[in-house]
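Worksheet for the structure shown next.
For reference, positions follow the sequence shown, starting with 1.
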Amino acid sequence: MNNYILTTIQNPYFMMGVMGGLIIGFIILFIILISVMVKQKKITTKIDDFMGSQYSQMNLEKLFVDFIKKSRVVEEQELNILAKMEEVDSKLKFTLQRIGVVRYNPFSDVGGDLSFSIALLDNTYSGFVITGIYTRQGSYTYLKPVRKGRGDENDKRYRLSKEETEAVQRAITSH
């Protein structure tokens with residue numbers, strides 16, 4: 001057996017065949033290497049086109065990790081903003097945002113629409129009505145509370161007049 005191996009190795013045709021096989025193998029590996037390098041260049045070019053040349057030298061893994069960190073920060077900020085918006089929305093419900101104005105002449109002996117009623121209501125139709133009455137003897141101002149679009153029917157001091165009720169209705173429909 002050792003003789004056979006020794007004879008085979010010493011045979012010049014065998015050695016030429018082995019060398020030819022190795023050369024062909026190297027040529028095939030070289031062609032594969034060239035092919036892989038061309039594909040890598042194409043991918044690198046596509047990444048440059050997609051992400052911009054300033055990222056071409058960056059490590060993609062680091063880039064993705066940074067992106068994930070930034071997206072987590074953005075998610076936290078979004079949750080904070082949503083919480084603030086809910087807080088503002090709950091407070092906004094009780095701000096004066098509906099206004100209704102009625103000008104009128106309550107007395108025939110005084111000229112012009114110098115008297116007025118202004119209703120200032122929140123989103124629950126609660127707030128107040130300011131009424132200014134102008135007469136020849138003087139000017140009078142009244143403030144009456146409004147709850148859910150109505151005056152206090154149980155207390156005659158706070159019952160709404162026709163003009164005040166109209167101002168409240170205008171305020172309710174002002175949105």
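Qualifying side-chain hydrogen bond (donor to acceptor under 3.5 Å, both in side chains) partners for T131, counting only residues two or more places apart in sequence or in other chains: S117, E164. With sequence neighbours excluded, the residues that form a side-chain hydrogen bond (donor to acceptor under 3.5 Å, both in side chains) with E87 are K91.
Side-chain contact between F128 and L120: present, with at least one pair of heavy atoms (C-beta onward) separated by less than 4.5 Å. The shortest distance between side-chain heavy atoms of Q77 and V73 falls below 4.5 Å. Between R170 and V101, every side-chain heavy-atom pair lies at or beyond the 4.5 Å cut-off. Between Y104 and I133, the closest side-chain pair of non-hydrogen atoms falls below 4.5 Å. Using a 4.5 Å heavy-atom threshold, the side chains of L160 and V168 count as touching. Side-chain contact between I172 and L121 is present, with at least one heavy-atom pair separated by less than 4.5 Å. Contact annotation: the side chain of N123 never approaches that of L92 to less than 4.5 Å [non-hydrogen atoms, C-beta and beyond].
G127 approaches R147 most closely through the heavy-atom pair O-NH1, 4.3 Å. Residues Y125 and V146 come closest through the heavy atom pair O-CG1, 3.6 Å. The heavy-atom pair separating P145 from Y158 by the smallest distance is CD-CD2, 3.5 Å. The shortest heavy-atom contact between A171 and G100 is CB-N, 3.4 Å.
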_side chain to side chain contact (heavy atoms under 4.5 Å, CB included) between L143 and I130, worked out_ = CA-CA 5 Å; L143 183 107; I130 300 173; 3.5 Å; yes

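Between the side chain of R98 and the backbone N or O of S174 there is no donor-acceptor pair closer than 3.5 Å. Looking at K144, its side chain does come within 3.5 Å of a backbone N or O of R159 through a donor-acceptor pair. Looking at E163, its side chain never comes within 3.5 Å of a backbone N or O of N105 through a donor-acceptor pair.
We find the CD-OG distance between E78 and S71 to be 11.5 Å, quoted to the nearest 0.5 Å. Separating the CZ atom in R72 from the CD1 atom in I68 is a distance of 6.5 Å, to the nearest 0.5 Å.
A salt bridge does not link D66 with K70: every distance from a Lys NZ or Arg NE/NH1/NH2 to an Asp or Glu carboxylate oxygen is 4.0 Å or more. Salt bridge absent: E166 and K162 never bring a charged side-chain N and a carboxylate O closer than 4.0 Å.
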Let me check something: any side-chain donor-acceptor pairs from residues 24-41 under 3.5 Å, sequence neighbours excluded? List them with distances.
none

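Under a hydrophobic clustering in which Ile, Leu, Val, Met, Phe, Trp and Tyr are joined whenever their side-chain heavy atoms come within less than 4.5 Å, directly or via other members, F64 and I43 fall into the same cluster. Criterion: ILVMFWY side-chain heavy atoms under 4.5 Å apart, direct or through other members. Under it, F116 and Y142 are not part of a common hydrophobic cluster.
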